[in-house]
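Since the structure is predicted, the reported quantities are computational estimates derived from the model, not experimental observations. Every chain is numbered from 1 and lettered A, B, ... according to where its sequence line falls, protein lines coming before strand lines.
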Amino acid sequence: MANSMNITLKVWRQAGPKAKGGFETYVVPEANPHMSFLELLDVLNEQLIKEGKEPVEFDHDCREGICGSCGVVIDGQAHGPQQRTACCQLHMRHYKDGDSIVIEPWRAEGFPIIKDLVVDRTSFDRIIAAGGYISANTGAAQDANSLPIAKADADLAMDFAACIGCGACVAACPNASASLFTAAKIAQLSLLPQGDPERKSRAIAMVDQMEQEGFGDCSNHTECEAVCPKGISVSAITKMRREYMKAVIG
Amino acid sequence: MSTVLDPKIPAGPLKDKWDTYKNGIKLVNPANKRKHTVLVVGTGLAGGSAAATLAELGYHVKSFCIQDSPRRAHSIAAQGGINAAKNYPNDGDTVWRLFYDTIKGGDYRSREANVHRLAQVSNNIIDQCVAQGVPFAREYGGLLDNRSFGGAQVSRTFYARGQTGQQLLLGAYQAMSRQIGKGNIEMFARQEMLDLVVVDGKARGIITRNLVTGEYERHFADAVLLCTGGYGNVYYLSTNAKNSNVAAAWRCHKRGAYFANPCFTQIHPTCIPVSGDYQSKLTLMSESLRNDGRVWVPKQVGDTRKPLDIPEDERDYYLERRYPSFGNLVPRDVASRNAKLATDEGRGVGETKLAVYLDFADSIKRLGRDVIEARYGNLFEMYERITGDDPYKMPMRIFPAVHYTMGGLWVDYELQSNVPGLFVLGEANFSDHGANRLGASALMQGLADGYFVIPYTLGNYIASNSFDKLTGLEAEFAEAEQSAKSRIEKVLSIKGTKTVTEYHRELGRIMWDEVGMSRTTDGLKKAINDITALREDFWQNVLVPGEPTTFNKNLEFALRVADFLELGELMARDALEREESCGGHFREEHQTPEGEARRDDDGFTHVSAWEFGENGHQLHKEKLDFDNVQLTTRSYK
């Protein structure tokens, strides 16, 4: 193919959670600029299987940037060089023939490695289970329009609700903090009147759970916002702190 | 022997059926609910809402998903919205109208009673989701906003930007998470159901594989809820997520559950076209784009000029030409088929010639770029990210892609399959969309089934039956586990030369060519032969690397593709058997002189439910009675 590119990949390989990992170098001789980054990994894997080797494991599912399954560090950047783009939506036209790319898993105490580029993110689920919800049993709801919500608040809540739970914020943070993830949910629910009755218990429970999972504290590097594929603002973290303080003191 | 299936629809007038049913069911005492375990497989809108609701009621729930978290289920990718008959805009909507539009949109191949119930509970869904904190779009006065969607003349679609599925799923996920935190749901993520266990004729358990360690687990319960989505990935390229599969449903089918209308698949007209052989999936562009975009191809076969170099009078705006009253807004099945016709004639565009233009130039000229950007900005951005082209300057290239499957496991009015104790919810069942699904109805059905139908019907089943205590050591569990294990050992032992992806792609090509948008007797027969040959080759020559006892995605995919290789054949057979055209099922032999679909209501107003047998499939029928609506021919001319 006329546009074919020769790409060298240095990929983190690790057989299991306790195994010692290391980089392996592979060459994909016929990459195509229209390919997505994950399709490049697909091509590499087909190559490896044919050579009798084990394919590189990575999480992926929707490949439309919404499920949050995929996520790798590409040349030191979570999800790679294109802003507001999950790596499934990154395309090879951003690279050129002869490029070499380093691929690593998310690295954080809260995200133990399962195999190769796959990590365990169930810590995120436990943070939500600690309080990231509104207690409303099915069937008990009043008419949806009986509770008007100012459009500006609803829109801002939606900005925070857009989080896909991929974990890039943790991977990019020097402290491996899950503050942006946790704060996005606290901020969303605190903006809505339905979330009001549980706002104090929610803030305390979620922040405590985040700490228990081994994530670090926030020290305002704001790398999280820079890599977030949904562009979630760090103002969520300000909101979280305020909610937490109000809950603890008041 | 072929039998006529009984859907167990309650007697009485249509609008009273659901109340009549609820008034007559047996209830489970609150203190007894915790003694009953329910397995819920899948955590999309149907599974997530069911698990949360049943746990709230007090049942002991075990929930399973193949992804790393229940929040990843593919419901998350739905863009457009969710329908409800709230009539907030005061534009004439009613429960009846939502029911009628859905029945008509499905080309009269769905069950009246189920669809009416769906329309009735649609309003409760919106109330429930708002109470959970789902940030639906609102007006400046603080009330909920609605928009219009395909196949309806009212604005009844609630939405959360272009991420409605995500927000509804997160609502269900958070409700589930609350119950997980309280210990009412045991969550098993990265666990795949490999078989259904039937004891004394009732579904009593499942065999799962831990996808991290490869260990097998036996889970037993009083009922099994299958909420595992659709089977669009049988086509290899579809808008489904990569992990979406038919395996759990197919395993149930092989244990006795009937598979209904497998040939009813939805091919969505506005997707980003295939760009090369490496392509792993397709991306949908919301159908709302057709409100302002004009679809065209060059008049001349083999015209290779760039779109902007083709003068106006050498363009064929074929939808506007053929369907002057609906134009670019014809339903999905009609738009898709016409795109195929244009490319079949050699008038396709782009490098692959498998695309048509969707052009916004006129709208931009008329309304200004700002208006178009406000309406579709995020979609234009997504298009540019994937294709590298700027749709403000160049027409988009689009092509139809497999999007949704209306067929699925057969269920009765209670969402129970013909295997007692096996309930099937959401896209995994066949019940509500007939031969074509309307936009914004999939989310509605998933949540209706999980939040508002299953709590009643499951309770009735549990209260009406007695359950022997199980230990998981019964012979049925041992047999099911052994059969799953043997299958895995077999597929790993072949060590052939072709990869799983190569087989899957090959299957997809057969399905797309012969069981896709346009089907013929010869093509379907050829498909059956080709799939059979491909399946035999798979079990001789597939190359699956790695071990059974570690994280091994290729092994997971191999098992799923093996099931698709069986399902594909049944889809072709079902399509061959249905000698009519309806909705997404277009048989070239059955069309009007103008090339439109021609139904055969005398011969085919029924559900085709297929029973698996070692010596081949047996067809059973459920007659569809239309007591409340008149069957008409859909016309969009």
J.: Please give me the minimum heavy-atom distance between B:Ile386 and A:Arg93, naming the atom from each residue.
T.: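 Shortest heavy-atom separation between B:Ile386 and A:Arg93 comes out as O-NH2, 2.6 Å.
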J.: Below 4.5 Å from any heavy atom of chain A, which atoms of B:Ile66 appear? Answer side chain, backbone, both or neither.
T.: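 For B:Ile66, there is no contact with chain A at all, as no heavy atom is under 4.5 Å.
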J.: Roughly how far apart are A:Met35 CE and B:Ser275 OG, rounded to 0.5 Å?
T.: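 The distance works out to 8.5 Å.
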J.: How long is the straight-line distance from CE of B:Met187 back to OG1 of A:Thr122, given to the nearest 0.5 Å?
T.: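 One gets 11.0 Å once the value is rounded to the nearest 0.5 Å.
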J.: Keeping the roles fixed (side chain from B:Arg138, backbone from A:Asp155), state whether a donor-acceptor pair exists under 3.5 Å.
T.: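 Between the backbone of A:Asp155 and the side chain of B:Arg138 there is no qualifying donor-acceptor contact (under 3.5 Å).
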J.: At a 4.5 Å cut-off on heavy atoms, which part of B:Phe158 comes close to chain A: side chain, backbone, both, or neither?
T.: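 Interface part for B:Phe158: neither.
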J.: Tell me, for A:His91 versus chain B, whether the close heavy atoms (under 4.5 Å) come from the side chain, the backbone, both or neither.
T.: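 Side chain only.
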J.: Distance-only, no hydrogens or angles: does the B:Glu56 side chain make a donor-acceptor pair with backbone N or O of A:Thr138 under 3.5 Å?
T.: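 Side chain of B:Glu56 to backbone of A:Thr138, a donor-acceptor pair under 3.5 Å: yes, one is there.
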J.: Non-hydrogen atoms of chain A under 4.5 Å away: do they reach the side chain of B:Thr550, the backbone, both or neither?
T.: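 Interface part for B:Thr550: side chain.
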J.: Rounded to the nearest 0.5 Å, how far apart are CD of A:Glu30 and CG of B:Asp277?
T.: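 Going from CD on A:Glu30 over to CG on B:Asp277, the span is 11.0 Å.
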J.: Verify side chain to side chain contact (heavy atoms under 4.5 Å, CB included) between A:Arg63 and B:Lys242, making sure each step is shown before the conclusion.
T.: CA-CA 8 Å; A:Arg63 298 198 176 193; B:Lys242 290 300 287 177; 3.6 Å; yes
J.: If I compare all heavy atoms of B:Leu144 with all of A:Asn145, which pair ends up nearest, and what's the gap?
T.: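 Minimum heavy-atom separation between B:Leu144 and A:Asn145: N-OD1, 3.0 Å.
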J.: Find the one option among B:Asp68, B:Leu57, B:Ile180 whose heavy-atom pairs under 4.5 Å with chain A are most numerous.
T.: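 Max contact count across the listed options: B:Asp68.
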J.: Write down the atom of B:Ser177, the atom of A:Ala129, and the distance for their closest heavy-atom approach.
T.: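 Taking B:Ser177 first and A:Ala129 second, the nearest heavy atoms are O-CB, 3.4 Å.
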J.: Measuring heavy-atom distances to chain B, does A:Ile164 have an atom under 4.5 Å in its side chain, in its backbone, in both, or in neither?
T.: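 Both backbone and side chain of A:Ile164 come within 4.5 Å of chain B.
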J.: Give the member of B:His74, B:Gln167, B:Gln132, B:Gln163 that has the highest number of heavy-atom pairs under 4.5 Å with chain A.
T.: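 The candidate making the most pairs under 4.5 Å is B:Gln167.
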J.: Should A:Lys50 and B:Glu502 be marked as a side chain to side chain contact (heavy atoms under 4.5 Å, CB included) after you check the CA-CA gap, both sets of side-chain angles, and the distance that decides it?
T.: CA-CA 11 Å; A:Lys50 295 264 176 175; B:Glu502 286 172 323; 3.0 Å; yes
J.: Between B:Ile126 and A:Ala144, which heavy-atom pair has the shortest distance, and what is it?
T.: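 Nearest pair, atom of B:Ile126 first, then A:Ala144: CG2-CB, 3.8 Å.
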J.: Is it the case that A:Lys115 places NZ or CZ above or below the six-membered ring of B:Phe551, under 6.0 angstrom from the centre and within 45 degrees of the axis?
T.: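 So A:Lys115 doesn't make the cation-pi contact.
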J.: In terms of heavy-atom proximity below 4.5 Å to chain B, should A:Ser36 be classed as side chain, backbone, both, or neither?
T.: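 Contact with chain B involves no heavy atom of A:Ser36 at all.
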J.: About how many Å separate CG of B:Asn243 and NE2 of A:His60, when rounded to the nearest 0.5 Å?
T.: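 So the gap between those two atoms works out to 6.0 Å.
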J.: To the closest 0.5 Å, what do you measure between NZ (B:Lys553) and CZ (A:Phe58)?
T.: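 If I round to the nearest 0.5 Å, the distance is 8.0 Å.
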J.: At a 4.5 Å cut-off on heavy atoms, which part of B:Gln79 comes close to chain A: side chain, backbone, both, or neither?
T.: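 For B:Gln79, side-chain heavy atoms alone lie under 4.5 Å from chain A.
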J.: Tell me which of these, B:Val544, B:Leu169, B:Asn124, B:Leu543, has more heavy-atom pairs under 4.5 Å with chain A than the rest.
T.: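 Result: the option with the highest number of such pairs is B:Leu543.
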J.: Measuring from atom CE of A:Met158 to atom CZ of B:Arg161, what distance do you get when rounded to the nearest 0.5 angstrom?
T.: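 Here the rounded value is 5.5 Å.
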J.: Which bit of B:Lys86 comes within less than 4.5 Å of chain A, counting heavy atoms only: side chain, backbone, both or neither?
T.: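 Side chain only.
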J.: Does any non-hydrogen side-chain atom of A:Asp143 lie less than 4.5 Å from one of B:Tyr88?
T.: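 Yes, close enough: below the 4.5 Å cut-off.
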J.: Name the option with the most non-hydrogen atom pairs under 4.5 Å to chain A; the candidates are B:Arg178, B:Gln174, B:Gln179.
T.: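 Ranked by heavy-atom pairs under 4.5 Å with chain A, first place is B:Arg178.
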J.: Between B:Thr497 and chain A, with a heavy-atom cut-off of 4.5 Å, which part of the residue counts as in contact: side chain, backbone, both or neither?
T.: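 Interface part for B:Thr497: backbone (N, CA, C, O).
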J.: Would you please say whether a donor-acceptor pair under 3.5 Å links the side chains of B:Thr499 and A:Glu46?
T.: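 Side chains of B:Thr499 and A:Glu46: pair found under 3.5 Å.
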J.: Between B:Ala241, B:Ala52, B:Ala160, which residue shows the highest count of heavy-atom pairs closer than 4.5 Å to chain A?
T.: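 The answer is B:Ala241.
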J.: Locate the shortest heavy-atom distance separating B:Ala77 from A:Glu64; write the atom from each residue and the value.
T.: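 So the two residues come closest at CB-OE1, 4.1 Å.
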J.: Which atoms of A:Leu192 are under 4.5 Å from chain B, going by heavy atoms: the side chain, the backbone, both sets, or neither?
T.: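 The side chain, not the backbone.
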J.: Using a 3.5 Å distance criterion without hydrogens, assess whether the side chain of A:Gln188 forms a donor-acceptor pair with backbone atoms of B:Gly133.
T.: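 Judged by distance alone, yes, a pair lies under 3.5 Å.
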J.: Which one of B:Gly181, B:Gly141, B:Ser280 has the most heavy-atom pairs closer than 4.5 Å to chain A?
T.: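 The candidate making the most pairs under 4.5 Å is B:Ser280.
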J.: Under a 4.5 Å heavy-atom cut-off, does chain B meet the side chain of A:Val119, its backbone, both or neither?
T.: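 The backbone, not the side chain.
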J.: Could you check whether B:Lys281 pairs with A:Glu39 (Lys NZ or Arg NE/NH1/NH2 to Asp/Glu carboxylate O, under 4.0 Å)?
T.: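 No, no charged N to carboxylate O under 4.0 Å.
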J.: For B:Leu170, is it the side chain, the backbone, both, or neither that has a heavy atom closer than 4.5 Å to a heavy atom of chain A?
T.: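 Interface part for B:Leu170: side chain.
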J.: So which of A:Ala152, A:Gly68, A:Gly131 has the largest heavy-atom pair count under 4.5 angstrom toward chain B?
T.: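 Max contact count across the listed options: A:Gly68.
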J.: Verify, without hydrogens or angle tests, whether A:Glu54 (side chain) and B:Pro545 (backbone) share a donor-acceptor contact under 3.5 angstrom.
T.: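 Checked: no pair found.
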J.: So for B:Met176, is it side chain, backbone, both, or neither that comes closer than 4.5 Å to the heavy atoms of chain A?
T.: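 No part of it gets close to chain A.
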J.: I want to check something: taking the side chain as every heavy atom from C-beta on, are A:Asn32 and B:Tyr278 in contact at a cut-off of under 4.5 Å?
T.: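 Heavy-atom side-chain distance check passes, below 4.5 Å.
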J.: Can A:Glu57 and B:Asn552 be said to form a side chain to side chain contact (heavy atoms under 4.5 Å, CB included), step by step?
T.: CA-CA 7 Å; A:Glu57 299 288 359; B:Asn552 186 345; 4.2 Å; yes
J.: Is chain B contacted by the side chain of A:Lys53, its backbone, both, or neither, given a heavy-atom distance below 4.5 Å?
T.: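 Looking at A:Lys53, just its backbone touches chain B.
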J.: Might you work through the side chain to side chain contact (heavy atoms under 4.5 Å, CB included) test for A:Ile114 and B:Arg190, ending with a clear yes or no?
T.: CA-CA 12 Å; A:Ile114 291 175; B:Arg190 292 200 199 267; 3.7 Å; yes
J.: So what's closer than 4.5 Å to chain B heavy atoms on A:Ala154: side chain, backbone, both or neither?
T.: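 For A:Ala154, the contact with chain B is made by backbone and side chain together.
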J.: If every non-hydrogen atom of B:Arg71 is compared with every non-hydrogen atom of A:Asp125, which pair is closest and at what distance?
T.: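 In this case the closest contact between B:Arg71 and A:Asp125 is CD-OD1, 4.5 Å.
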J.: Under 4.5 Å between any side-chain heavy atoms of B:Asp127 and A:Gln142, yes or no?
T.: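 Contact flag for B:Asp127/A:Gln142 side chains = no.
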J.: Would you please say whether a donor-acceptor pair under 3.5 Å links the side chains of B:Ser69 and A:Arg121?
T.: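 No.
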J.: Quick one: does any side-chain atom of A:Gln194 pair with a main-chain N or O of B:Val134 as donor and acceptor, under 3.5 Å?
T.: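 It does not hold such a pair.
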J.: Of all of A:Leu48, A:Asp42, A:Leu40, A:Thr85, which one pairs up most often with chain B through heavy atoms under 4.5 Å apart?
T.: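 Highest number of heavy-atom pairs under 4.5 Å: A:Thr85.
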J.: Check this for me: B:Lys22, atom NZ, are more than 12 non-hydrogen atoms of other residues, nucleotides or ligands nearer than 6.0 Å?
T.: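 More than 12 within 6.0 Å, yes.
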J.: Measure distances from A:Ala162 to the heavy atoms of chain B and classify the residue's part below 4.5 Å as side chain, backbone, both or neither.
T.: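 Its backbone and side chain both get close to chain B.
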J.: Taking everything shown except B:Tyr456 itself, do over 12 heavy atoms lie less than 6.0 Å from its OH?
T.: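 Count not over threshold, so no.
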